[in-house]
Amino acid sequence: MEAHSMSGHVGLTGEDVGDHDGFRKHQNHHQDIIDVLQQIMAITDENLEEAQARKHALNYHKMKTALFDVLCEIKEKSALSIQGVQEKDSPDSHLMRLDNMLLAEGVGGPERGGASAAVVAAAAGGSPDDGTLEHAEYKEKLSQIRQIYHAELEKYEQACSEFTSHVMNLLREQSRTRPISPKEIERTVAIIHRKFSTIQMQLKQSTCEAVMILRSRFLDARRQRRNFSKQAVETLNEYFYSHLANPYPNEETKEELAKKCCISVAQVANWFGNKRIRYKKNVAKYQEEVNVYAMKTSGDVASVSSVASSANSPATPNSAFCYTPDGKF
DNA sequence: GTCGATGATTAACT
DNA sequence: AGTTAATCATCGAC
């Protein structure tokens with residue numbers, strides 16, 4: 001602050017470089033330099049009060065406001081129009097994508113991540129209650145990431161606002177002695193915010209990556225794979241082998257089987273897809289299964305009554321046990 | 001640690 | 001849209 005008032009003082013006096021002829025010019029320059037040097041030396045002799053007083057006097061000089069306005073106007077007109085520096089669109093949209101993702105993962109928002117994590121888990125797999133152990137671990141790790149993220153974000157925001165207000169105060173202070181329009185302050189603030197937002201973006205990016213890694217480790221459907229319960233497999237196999245001639249359950253049947261097996265319709269479709277192809281690939285290997293389920297559905301009704309009765313519900317008409325182990329679909 | 005079984009994913013096809 | 005076929009990744013028994 002003091003340094004600035006000093007330079008201002010020197011600049012004012014050093015400005016009266018008249019346009020004389022060439023011979024005198026050299027001498028004048030020389031004289032100027034000596035003057036400036038003397039003034040600089042004089043400054044060290046000045047005490048702070050004197051300097052402040054002079055600054056005060058300058059600030060409240062009756063011509064000051066008028067001159068200042070003119071200076072501002074000149075600057076506004078001559079300044080290289082910085083407003084052409086429109087920030088690029090891509091980082092903004094990129095930031096928005098990251099924000100959306102963090103929000104979706106339950107990291108970005110103010111709420112706890114539990115609910116959305118459950119949604120993610122349900123969408124990925126469908127196994128409703130198993131894997132709670134890993135799920136808990138996942139949630140814990142996610143909340144860890146969340147904590148770190150929010151702590152960092154807060155730190156950045158605080159640093160940003162601190163720095164911004166500092167710069168603004170500085171500029172406001174300086175605007176009393178040099179022409180700085182509020183617009184310029186605004187622009188500077190915008191620049192600061194942009195700089196900080198790139199840091200923020202890096203934070204968000206790395207958080208996203210961490211979440212992705214975590215997700216792939218805990219919630220990826222393939223990793224989370226659990227074998228269906230014995231009963232579920234029984235039900236599915238029963239339908240399959242009792243409809244071996246055409247093992248293609250329609251949507252309704254799939255829904256029913258899904259409900260019975262406590263799995264999703266998609267999982268039923270997966271199961272039938274896998275079963276069909278694997279059966280077809282090696283009929284001999286499944287011959288035993290064919291026999292077992294043929295026995296079950298035709299003979300031993302009592303032992304599998306609950307399963308069989310549900311499999312033979314009205315929506316799945318299996319009046320004919322037309323299993324034809326010829327491998328043709 | 002290996003290996004077959006198994007559920008999920010994917011591209012290509014109809 | 002729904003399937004097939006190949007493939008991936010994990011499970012579970014040994």
Side-chain angles (χ1 to χ4, degrees), chain A residues 97 101 104-106 116-142 208-297 304 307-308 310-311 313 315-318 322-329:
Chain A
R97 271 211 307 280
M101 203 195 124
E105 297 295 336
S116 52
V119 169
V120 169
S127 38
D129 16 56
D130 59 346
T132 40
L133 230 156
E134 282 187 32
H135 203 176
E137 205 180 333
Y138 169 81
K139 264 154 86 172
E140 197 193 309
K141 298 245 177 188
L142 189 74
C208 271
E209 274 164 25
V211 170
M212 291 303 271
I213 291 164
L214 186 71
R215 230 181 98 170
S216 74
R217 277 197 41 200
F218 285 95
L219 289 182
D220 191 300
R222 281 174 173 173
R223 291 179 187 275
Q224 207 203 14
R225 187 177 78 77
R226 291 272 177 284
N227 290 352
F228 298 152
S229 69
K230 272 229 174 293
Q231 206 189 21
V233 175
E234 191 103 351
T235 307
L236 293 167
N237 269 323
E238 233 161 85
Y239 184 92
F240 180 80
Y241 286 112
S242 59
H243 297 77
L244 207 47
N246 185 35
Y248 294 85
N250 59 25
E251 195 60 30
E252 252 178 79
T253 313
K254 276 187 213 166
E255 273 168 33
E256 209 171 315
L257 286 167
K259 208 188 280 179
K260 238 173 279 175
C261 301
C262 295
I263 56 176
S264 69
V265 175
Q267 285 176 303
V268 172
N270 279 341
W271 190 91
F272 273 90
N274 283 323
K275 190 73 183 179
R276 280 192 299 261
I277 199 72
R278 281 162 186 165
Y279 179 84
K280 190 177 138 182
K281 263 189 168 178
N282 194 349
V283 181
K285 201 174 84 183
Y286 289 91
Q287 201 53 52
E288 204 185 327
E289 249 183 24
V290 172
N291 295 332
V292 168
Y293 282 97
M295 285 241 305
K296 271 186 182 173
T297 43
V304 286
V307 180
S310 48
S313 59
T316 57
N318 61 339
C322 45
Y323 49 87
T324 50
D326 56 354
K328 275 187 189 161
F329 295 125

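Chain identifiers are assigned alphabetically (A, B, ...) following the order of the sequence lines, protein sequences preceding nucleic acid strands; residue numbering begins at 1 within each chain. Quick caveat, the model's predicted, so the values are computed rather than measured.
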Notebook entry, point to check: Just the dot-bracket of DNA chain C, please: which string comes out with Watson-Crick or G-U pairs under 3.5 Å, [ ] for crossing, | for another strand?
Noted result: .|||||||||||||
Next item on the list: Answer yes or no: side-chain N or O of A/Asn227 and base N or O of B/dA5 forming a donor-acceptor pair under 3.5 Å.
Entry: no
Item checked: A/Glu289 side-chain N/O to A/Tyr286 backbone N/O, donor-acceptor pair under 3.5 Å -> no
Margin query: Quick check on C/dG2: is either OP1 or OP2 less than 4.0 Å from any side-chain nitrogen or oxygen of A/Lys254?
Written below: no
Next item on the list: State, with a plain yes or no, whether a side-chain heavy atom of A/Tyr293 is found less than 4.5 Å away from one of A/Glu234.
Entry: yes
Notebook entry, point to check: Do A/Val290 and A/Tyr279 come close enough that some side-chain heavy atom pair is under 4.5 Å?
Noted result: yes
Check: Which of the following nucleotides, C/dT10, C/dT4, C/dT7, is nearest to the side chain of A/Arg225?
Finding: C/dT10
Check: C/dT3 C1' sits how many Å from A/Phe240 CZ, rounded?
Finding: 14 Å
Check: For A/Asn237 and B/dA5, what is the distance between atoms CG and P respectively, to the nearest whole Å?
Finding: 14 Å
Next item on the list: Would you mind reading off the distance between A/Tyr248 atom OH and C/dT3 atom C1', rounded to a whole angstrom?
Entry: 7 Å
Margin query: Looking only at the side chain of A/Arg276 (C-beta and beyond, no hydrogens), which of the listed nucleotides C/dT4, C/dG2, B/dG7 gets closest?
Written below: C/dT4
Check: Do the non-hydrogen side-chain atoms of A/Leu236 and A/Ile263 ever get within less than 4.5 Å of each other?
Finding: yes
Note to self: Using OP1 and OP2 only, check whether a side-chain N or O of A/Arg226 sits under 4.0 Å from C/dC11.
What the structure shows: yes
Check: Nearest-Å distance, NZ (A/Lys275) to C1' (B/dA8)?
Finding: 17 Å
Note to self: Show me the pairs that pass ring-ring contact (aromatic ring centres under 6.0 Å, His included) and involve residues 252-276 of chain A, at least two apart or across chains.
What the structure shows: A/Tyr239-A/Phe272
Check: So which nucleotide from B/dA5, C/dA6, C/dA5 ends up closest to the side chain of A/Asn274?
Finding: C/dA6
Note to self: If I take atom CG in residue A/Leu236 and atom P in nucleotide B/dA8, what distance separates them, rounded to the nearest angstrom?
What the structure shows: 11 Å
Next item on the list: Any chance you could measure A/Ser264, atom OG, to A/Glu255, atom CD, to the nearest 0.5 Å?
Entry: 11.0 Å
Check: Could you state the CG-P distance from A/Asn270 to B/dA11, rounded to the nearest angstrom?
Finding: 15 Å
Notebook entry, point to check: To the nearest Å, how far apart are A/Glu252 CD and C/dA1 P?
Noted result: 19 Å
Notebook entry, point to check: Where the side chain of A/Gln267 is defined as all heavy atoms beyond and including C-beta, which of C/dG2, C/dA5, B/dA8 is the nearest nucleotide?
Noted result: B/dA8
Notebook entry, point to check: Nearest 0.5 Å, what's the CD-NE2 distance between A/Glu238 and A/His243?
Noted result: 11.0 Å
Next item on the list: For A/Asn250 and C/dT3, give me the distance from atom CG to atom C1', rounded to whole Å.
Entry: 15 Å
